[in-house]
Amino acid sequence: MSSKVSAVLSPSPTSPLDVTSKSANKNGKVLSKLAWEAWGNSEREKSAGVRWWRFIRFLCTAAWPVGNRRLQLHCFGLGLCVLADRAINFLIPLNHGQLIDRLIGSGTLSRLDICRFAVLHFLDTGSITSAIRMSLLCPLEHYWVKKLKVGAFDRIMALSGDFHEGNDPSTSSKLISSGEEFSKVMIDIFLLSGPLLLDTLSAKVSLYYIDARVALLFTAVAVTYVYVYHKFLLLQQNPQRQLFHDLQREVDVVREPVLNWRTVSYFNGFKLESTRLTEAIDLRFTTQKKSNLYTTFRNAIQASVLVVGLILACTIISQSNRSVGEFAAMLTYWTRLCDPLKCTVRTLSGLRERIARVEPFTEIFEKTPSVVDAGNASILEINHADIEFENVTFSYPGQRPILRGVSFSIQDGQTVAIVGATGSGKTTITKLLFRLYDPQSGSIRISGKNILDVKMESLRSNIAVAPQECEFFRRSVTENIKYANHQCRMEDMHGACKAAAIHDRILKYPKGFHTVIESKKLSGGEARRVNIARGLTPKKRVLVLDEPTNGLDNVTIAWVQEHLRKDTKGRTTVIISHDPSLTRNADKIVVLSEGRVVEEGDHDTLLNMKGHYFRQYTARDS
Ligand SMILES: Nc1ncnc2c1ncn2[C@@H]1O[C@H](COP(=O)(O)OP(=O)(O)O)[C@@H](O)[C@H]1O
Ligand SMILES: [Mg+2]
């Protein structure tokens, strides 16, 4: 593990709990590199052994708290606990054998013998080591969960529109949450599976001292046991895969109707959905039965292997001249050895499934955002808030071209309306302006600077927006509106709400501005107006309003329009709208059709052209 890698992986040694987004970002980058190495390119990387080895390496790098002495000591402490448990496992059978021999020889036990016996059995309960282990593990687990989850969260949030618009958001959030499971997998490997393997090995060594043949026999038993297990695992692969698939399907069959409860109600789909769920459950259990059959066979064969092994071991010991104590010690070792063997195999099989489940978590770190700051990106400082689109061409990943050579310009302080049929690419223009995507060709300039050459954060901090989609957090109205500008004064926020014609309505909510927004309980018009208020709260030089009055009644539109006129004075404003009352007074109207600018000019000029704009305008009026 390179020290550079380790240094980046760990949070600051002075504040181990302070995972800032910067450090998490770094964590993400390093984990990303490791994950890539860990899982490799499936085309190039086919050997399961190498994949396992790399996974373990990734795990170790993620686990080791570099630069944090206190947590490193915790790791050492945990290691000592593991060794102490192994030592007890080794000593107990030995002690049993000695006690039996002593009883047979002298018929009595000394106080020291009894004390030794009692202490060993007390330690064997694990009450001391498990208490120490828990106190050492808790801070480490805290560290791991934070590092993995924040790393994954930052990584996913830094991905661009192609990822977020092309994937189910609930899958992404589940993936981030699986960081928790990943840390449990680490604990299982380091504190369960690893020690169990040690147990198996140490018991073999102990048997070797009693009788080398018994040790050899046990090795043969262990190999057969694992071989049988492995063979059945291969046989069970298909039913297991099918089971996983059936379970996923069942989850979807439950999730979708619940999410689309309204659609189910409108179309009386309750019976249909209920039948689909019943069928999905039946299907899963049919597969489950098949899989169970394999497990029953496997258990029977494995049990036979252990019993045959034990009979042979007893025969070997009884034929050699061993004391009763040695025979008893062998028996104890054998039993204590079979348990870890069974456990190891069971744990490893569970672990295999869990690793397969958390595998997508490591894949998060393989993804790279398609939109990133250029190496020499500068901070955007707006002198003149001019915006210029020059020959911009864009298509969503794997889709037809949406913008085909779009060019238009907006001068500082101008209000420009972008109109056009649904699907003509208007909202896509907003996404490009905010760099949710980058265009395939052409350039977008603000204040004379290509937006690809400036830092994204500075670009976004210079533009205020009321996007087309009204998305809110389940937080208070105030928190949602101030999300656009956390420093904004309360009177500015109230002013923005008044301009958006939502102020008085918010005051009527049960807790006024403290009411928690539940998107489903807001009417379309209310959501639209809160969305406008959020866009108007920061006083930025550039303002983008995407369909701001969509779905509002005429009286509200007139109110909002009046206030927007005041609010947009001196600001470069882009209004995307179908609403002629909103676009009519714009300094310029850009008409988009199928991703091309087909007309440009003020309202009267465009009407006189009798082209696209004229047709849209008159169609609406008629
Ligand atoms: N994330 C996306 N992935 C693929 N296609 C998209 C995506 N977003 C929008 N589109 C498609 O791009 C076209 C333009 O969309 P948009 O810019 O939203 O149109 P509008 O002019 O109505 O605002 C539409 O055909 C739409 O289906
Ligand atoms: Mg749109």
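Read the numbers this way: they start at 1 and go in the same order the structure lists the ligands and their atoms. Note that the numbering runs from 1 along the sequence shown for the chain.
- Residues Leu452 and Asp438 have side chains in contact (heavy-atom distance under 4.5 Å, counting atoms from C-beta outward).
- Counting only heavy atoms of the protein, atom 1 (N) of ligand 1 lies nearest to Glu165 OE1, 2.7 Å.
- The environment of CD in Glu594 is sparse: at most 12 heavy-atom neighbours from other residues, nucleotides or ligands sit within 6.0 Å.
- Between the side chains of Thr605 and Asn608, no donor N or O sits under 3.5 Å from an acceptor N or O.
- Using a 4.0 Å cut-off to heavy atoms of Thr422, the atoms of ligand 1 that qualify are 22 (O).
- In this structure, atom 12 (O) of ligand 1 lies nearest to the protein heavy atom Ile402 CD1, 3.3 Å.
- At least one heavy atom of Arg400 sits closer than 4.0 Å to an atom of ligand 1.
- Under the 3.5 Å distance criterion, with hydrogens and angles disregarded, a donor-acceptor pair is assigned to the side chains of Glu479 and Ser476.
- Residue pairs that meet the ring pair (Phe, Tyr, Trp, His ring centres under 6.0 Å) test with at least one member in residues 420-456, sequence neighbours left out, are Phe394-Tyr437, Tyr396-Tyr437.
- Look at Gly420 and you'll find every heavy atom at least 4.0 Å from all atoms of ligand 1.
- When heavy-atom distances to ligand 1 are checked against a 4.0 Å cut-off, Thr427 comes that close through both its backbone and its side chain.
- Taking a cut-off of 2.8 Å, the protein N, O or S atoms nearer than that to the Mg ion (ligand 2) are Thr427 OG1, Gln468 OE1.
- Note that atom 14 (C) of ligand 1 has protein non-hydrogen atoms nearby, at separations under 4.0 angstrom.
- Applying the ring pair (Phe, Tyr, Trp, His ring centres under 6.0 Å) definition to pairs two or more places apart or across chains, those involving residues 487-545 are His494-His503, His494-Phe513, His503-Phe513.
- Heavy atoms of other residues, nucleotides or ligands lying less than 6.0 angstrom from CD of Gln440 number more than 12.
- Shortest contact from atom 5 (N) of ligand 1 to any protein heavy atom: Tyr396 CD1, 3.3 Å.
- When the shell of 6.0 Å around CD of Gln411 is examined, it contains 12 or fewer heavy atoms from other residues, nucleotides or ligands.
- For ligand 1, the atoms lying closer than 4.0 Å to a non-hydrogen atom of Gly425 are 14 (C), 17 (O), 19 (O), 20 (P), 21 (O).
- Look at Glu547 and Arg528 and you find no salt bridge, because none of the NZ, NE, NH1 or NH2 atoms lies under 4.0 Å from a carboxylate O.
- Figure legend: cation-pi geometry between Lys149 and Phe153 absent, as NZ or CZ is not positioned both under 6.0 Å from the six-membered ring centre and within 45° of its axis.
- Using a 4.0 Å cutoff on heavy atoms, Lys431 counts as a contact of ligand 1.
- For the side-chain contact (heavy atoms from CB on, under 4.5 Å) test, residues two or more places apart in sequence or in another chain that qualify with Val372 are Pro369.
- Closest to atom 20 (P) of ligand 1, if we only count protein heavy atoms, is Gly423 N, 3.5 Å.
- Among Leu436, Thr428, Asp546, Ile576, the residue whose heavy atom lies closest to atom 16 (P) of ligand 1 is Thr428.
- By the 4.0 Å N-to-carboxylate-O rule, Glu273 lies close enough to Arg276 to be salt-bridged with it.
- Contact analysis puts Tyr437 in contact with ligand 1, with a non-hydrogen atom separation below 4.0 angstrom.
- Ion pairing of Asp168 with Arg255 is present here, as a side-chain N (NZ or NE/NH1/NH2) and a carboxylate O approach within less than 4.0 Å.
- Within the 4.0 Å cut-off (strictly below), no protein heavy atom is located near atom 27 (O) of ligand 1.
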